[in-house]
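Take this structure, written in structure tokens, and hold onto it; I'll ask about it next.
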Amino acid sequence: GSSCISNSEGRLTLFSNGYQLFDSTGVHVENGDSLVPQLIYKKYFGYSGYAQSSMLLPCKDSIIYLITPTASNFQVMNWNNNVSYYFDLLLYHKIDMNENSGNGKVVKKAIPLLEDTPLSKTQMMACRHSSGEGWWLYKQASDTNMVYKFLVTKDSIYTMGMQGFAEPHFGTYDLAGQSMFNQNGTHYATTCSSVNDDYLFLADFDRCNGVLSNPKVYGIPDYPKTPTDSSADNSPGGICFSPNGRFIYLVKYYNIFQLDLNDPDSATAWYH
């Protein structure tokens with residue numbers, strides 16, 4: 001759940017463990033402690049272990065946003081009582097790097113973008129707006145294939161509604177998973193761990209209006225966990241586009257697959 005950001009010269013500026021924000025020396029940025037509700041902070045000992053549960057997005061005038069999907073105190077109590085297990089809160093924190101002689105300060109903290117909303121514990125990614133300023137931020141809902149969309153600018157973050165597709169139906173077993181845009185920002189892909197069937201979702205993406213189109217669903221091949229264990233490795237965790245956008249690399253717990261997006265034959269498009 002950790003994230004980091006560097007300046008234009010490549011020097012580390014900030015990093016977050018999902019629950020706290022630090023400068024390059026490992027010291028809390030002013031007001032950068034306890035960024036999430038108290039119960040989840042205590043439950044996981046002050047840091048997040050879920051993929052893509054923090055993200056730092058730079059904007060003009062030395063403004064940086066930290067986005068942290070998480071769980072409310074009420075929801076963590078539900079977890080403890082075996083009631084439900086999704087995230088239900090999406091927060092943002094606004095950092096002004098002009099403060100404290102350039103060391104930065106959290107000037108807005110724990111501002112809700114979504115509340116009491118079933119969200120995946122993983123699957124969050126951003127892409128530059130076509131103007132080159134601001135970001136499209138996508139956050140996956142829980143137990144569905146719906147995605148919440150936001151436009152991040154230096155002044156504020158705007159809710160841009162949601163978009164969804166019938167397939168695939170990502171379930172509640174969301175301990176692993178990722179979302180990703182390709183390098184040109186023309187395609188969006190996402191996957192999530194599953195109890196039974198594994199799927200990869202791919203769609204065209206318009207950086208001007210943030211709309212997904214031409215959805216495709218790929219069934220991910222089964223493969224033994226290890227050469228001596230014949231049970232299927234059915235927990236996709238990470239995805240990445242190749243630099244030219246032709247391939248998607250998908251990582252399960254034990255195996256890595258390559259998908260050739262130019263090959264229409266599913267029998268040959270996947271390579272283990």
Side-chain angles (χ1 to χ4, degrees), residues 1-6 10 12 15-18 48-58 67 69 119-130 135-141 145 147-149 152 165 167-168 170 173-194 197-207 210 212-223 225 232-266 268-272:
S2 298
S3 56
C4 63
I5 192 170
S6 300
L12 180 65
F15 69 93
S16 172
N17 63 8
S48 173
Y50 295 107
Q52 297 186 328
S53 56
S54 71
M55 185 172 295
L56 287 155
L57 298 175
I67 314 296
L119 300 170
S120 171
K121 296 185 185 71
T122 59
Q123 297 173 281
M124 179 177 71
M125 187 46 64
C127 180
R128 277 282 188 187
H129 191 280
S130 60
W135 300 85
W136 292 107
L137 173 69
Y138 274 41
K139 177 59 190 164
Q140 192 79 18
N145 190 18
V147 64
Y148 292 91
K149 303 190 287 188
V152 181
F165 301 89
E167 298 296 335
F170 294 117
Y173 189 74
D174 56 355
L175 300 180
Q178 283 189 345
S179 299
M180 192 64 62
F181 291 94
N182 69 348
Q183 194 166 20
N184 294 328
T186 56
H187 289 90
Y188 169 82
T190 191
T191 191
C192 187
S193 58
S194 173
D197 298 317
D198 298 337
Y199 296 104
L200 172 71
F201 175 79
L202 177 71
D204 295 343
F205 179 68
D206 190 322
R207 293 174 60 207
L212 297 172
S213 60
N214 300 321
K216 295 180 180 179
V217 179
Y218 296 88
I220 305 169
D222 287 329
Y223 206 84
K225 290 184 177 179
D233 180 13
N234 58 359
S235 296
I239 54 175
C240 179
F241 284 89
S242 64
N244 64 6
R246 175 178 172 177
F247 302 101
I248 290 179
Y249 296 94
L250 187 144
V251 181
K252 292 190 175 185
Y253 281 136
Y254 296 91
N255 295 277
I256 302 175
F257 293 89
Q258 174 189 273
L259 173 65
D260 186 350
L261 298 176
N262 290 351
D263 188 343
D265 187 349
S266 60
T268 57
W270 287 102
Y271 175 76
H272 175 256

**Asked** Would you say Phe247 has more than 12 foreign heavy atoms packed within less than 6.0 Å of its CZ?
**Response**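 It does: Phe247 CZ has more than 12 such atoms within range.
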
**Item:** Parallel, tilted or perpendicular: rings of Tyr138 and Tyr188 (30°, 60°)
**Value:** tilted

**Item:** Under 3.5 Å side-chain donor-acceptor pair for Gln140 and Asn145
**Value:** yes

**Request:** Starting at CZ of Arg128, measure out to CH2 of Trp135 and round the result to the nearest 0.5 Å.
**Result:** 4.0 Å

**Request:** State yes or no: are the ring centers of Phe170 and Phe201 separated by less than 6.0 Å?
**Result:** no

**Residues forming a side-chain hydrogen bond (donor to acceptor under 3.5 Å, both in side chains) with Lys252, sequence neighbours excluded** = Asp198

**Asked** Should the heavy atoms of other residues, nucleotides or ligands under 6.0 Å from OH of Tyr271 be counted, would the total exceed 12?
**Response** no

**Prompt:** So, do His272 and Phe257 have ring centers that fall under 6.0 Å from each other?
**Reply:**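 That pair passes the under 6.0 Å test.
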
**Asked** Crowded around Leu12 CG? As in, over 12 foreign heavy atoms under 6.0 Å?
**Response**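 Yes, because the 6.0 Å sphere around CG of Leu12 holds more than 12 heavy atoms from other groups.
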
**Request:** Could you grab the distance from atom CD of Gln178 to atom CD1 of Ile239, nearest 0.5 Å is fine?
**Result:** 6.5 Å

**Request:** Taking side-chain hydrogen bond (donor to acceptor under 3.5 Å, both in side chains) as the test, write out the residues that go with Thr268, two or more places apart.
**Result:** Asp263

**Prompt:** Quick one: side-chain hydrogen bond (donor to acceptor under 3.5 Å, both in side chains) partners of Ser6, sequence neighbours excluded?
**Reply:** none

**Asked** Looking at residues at least two apart in the chain, or sitting in another chain, which of them share a ring-ring contact (aromatic ring centres under 6.0 Å, His included) with Tyr249?
**Response** none

**Message:** To the closest 0.5 Å, what do you measure between OG (Ser213) and CG (Asp204)?
**Reply:** 4.5 Å

**Prompt:** Between the side chains of Thr190 and Ser179, does any donor sit under 3.5 Å from an acceptor?
**Reply:** yes

**Asked** For Asp265, what residues pass the side-chain hydrogen bond (donor to acceptor under 3.5 Å, both in side chains) criterion, not counting sequence neighbours?
**Response** none

**Rounded distance (nearest 0.5 Å) linking atom CD1 of Ile220 with atom OG1 of Thr191** = 4.0 Å

**Message:** Tell me every residue that passes salt bridge (Lys or Arg N to Asp or Glu O under 4.0 Å) with Asp260, counting only those two or more places apart in sequence or in another chain.
**Reply:** Arg246

